[in-house]
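Everything on this sheet refers to the single structure shown next.
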Amino acid sequence: DAGITQSPRYKITETGRQVTLMCHQTWSHSYMFWYRQDLGHGLRLIYYSAAADITDKGEVPDGYVVSRSKTENFPLTLESATRSQTSVYFCASAPANGELFFGEGSRLTVL
Amino acid sequence: AQSVTQLGSHVSVSEGALVLLRCNYSSSVPPYLFWYVQYPNQGLQLLLKYTTGATLVKGINGFEAEFKKSETSFHLTKPSAHMSDAAEYFCAVSEPYNTDKLIFGTGTRLQVFP
């Protein structure tokens, strides 16, 4: 089906473990984004990508790593998870200067 | 730098009443402005946007917003609330022609009572 999908939708992990959240879009949008949503902070941009092999930091990049080897995929990795990274993570995609389309979110709990 | 302030983290209205969600922005250049809605356990959906032209913008589900440059505001309204409007609403701002860098407000949760 066309759209943007995130996996897993729910994840519980422990402090210090590596976690990867996957994001896949079928529209061939050039831009992809990762946001985290926390109470009182709204959505904050972690990383974004303007095209394959091009990524850039957002507002809160520390502790996260991204890659974009293919246009349709934009995984987000927490190399050593911390409790402060407990959050809901949203992936989005957009054509250049176009509307953002969001995935349904990945709820991550770090114990 | 751009920023967005949403006044009121929670708003409650009765079904059929006017909905007014407030958004003020700060921008050194003429902004693009957006309202997104998030239903429970879902991602964000675009309700409406202002880029240029007419300052009163109509969106989906009967919502509209007016860009008021003198007040640096972009408040979201709906004449008559419906139970299905209960959700979280986010105002966002970007620079013109640079919508890949949206700055979001902290959100307003709308409750609708029967």
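To find a chain, count down the sequence lines: A is the first, B the second, and so on, and within it residues start at 1. Computed from a predicted model, the values in this text were never measured in an experiment.
If you measure heavy-atom distances from Gln37(A) to chain B, the contacts under 4.5 Å come from the side chain alone. Contacts between Arg9(A) and chain B at a heavy-atom distance below 4.5 Å involve the side chain alone, from C-beta outward.
Atom CG of Asn41(B) is separated from atom OH of Tyr10(A) by 4.5 Å, given to the nearest 0.5 angstrom.
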Practice problem: Give the C-alpha distance, both sets of side-chain angles, the deciding distance and a yes or no for side-chain contact (heavy atoms from CB on, under 4.5 Å) between Leu43(A) and Leu44(B). | Solution: CA-CA 10 Å; Leu43(A) 276 79; Leu44(B) 279 70; 4.0 Å; yes
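Leu100(A) and Val37(B) fall into different hydrophobic clusters, where Ile, Leu, Val, Met, Phe, Trp and Tyr are joined by side-chain heavy atoms under 4.5 Å apart, directly or via other members. Cluster annotation: Leu33(B) is not connected to Leu46(B) through the hydrophobic network of ILVMFWY side chains, with a link wherever side-chain heavy atoms come within less than 4.5 Å. A continuous path of hydrophobic side-chain contacts links Val110(A) to Tyr89(A) [ILVMFWY only; heavy atoms under 4.5 Å]. Tracing side-chain contacts under 4.5 Å through hydrophobic residues (I, L, V, M, F, W, Y), one reaches Met32(A) starting from Tyr47(A); they form part of the same cluster. A single hydrophobic cluster is not seen to contain both Phe104(B) and Ile46(A); linkage of ILVMFWY side chains at heavy-atom distances under 4.5 Å, directly or through other members, places them apart.
Just one of Tyr36(B), Phe90(B), Tyr39(B) meets the ring pair (Phe, Tyr, Trp, His ring centres under 6.0 Å) condition when paired with Phe102(A); it is Tyr36(B).
Here the closest heavy-atom approach between residue Gln38(B) and residue Phe90(A) is recorded as NE2-CZ, 3.0 Å.
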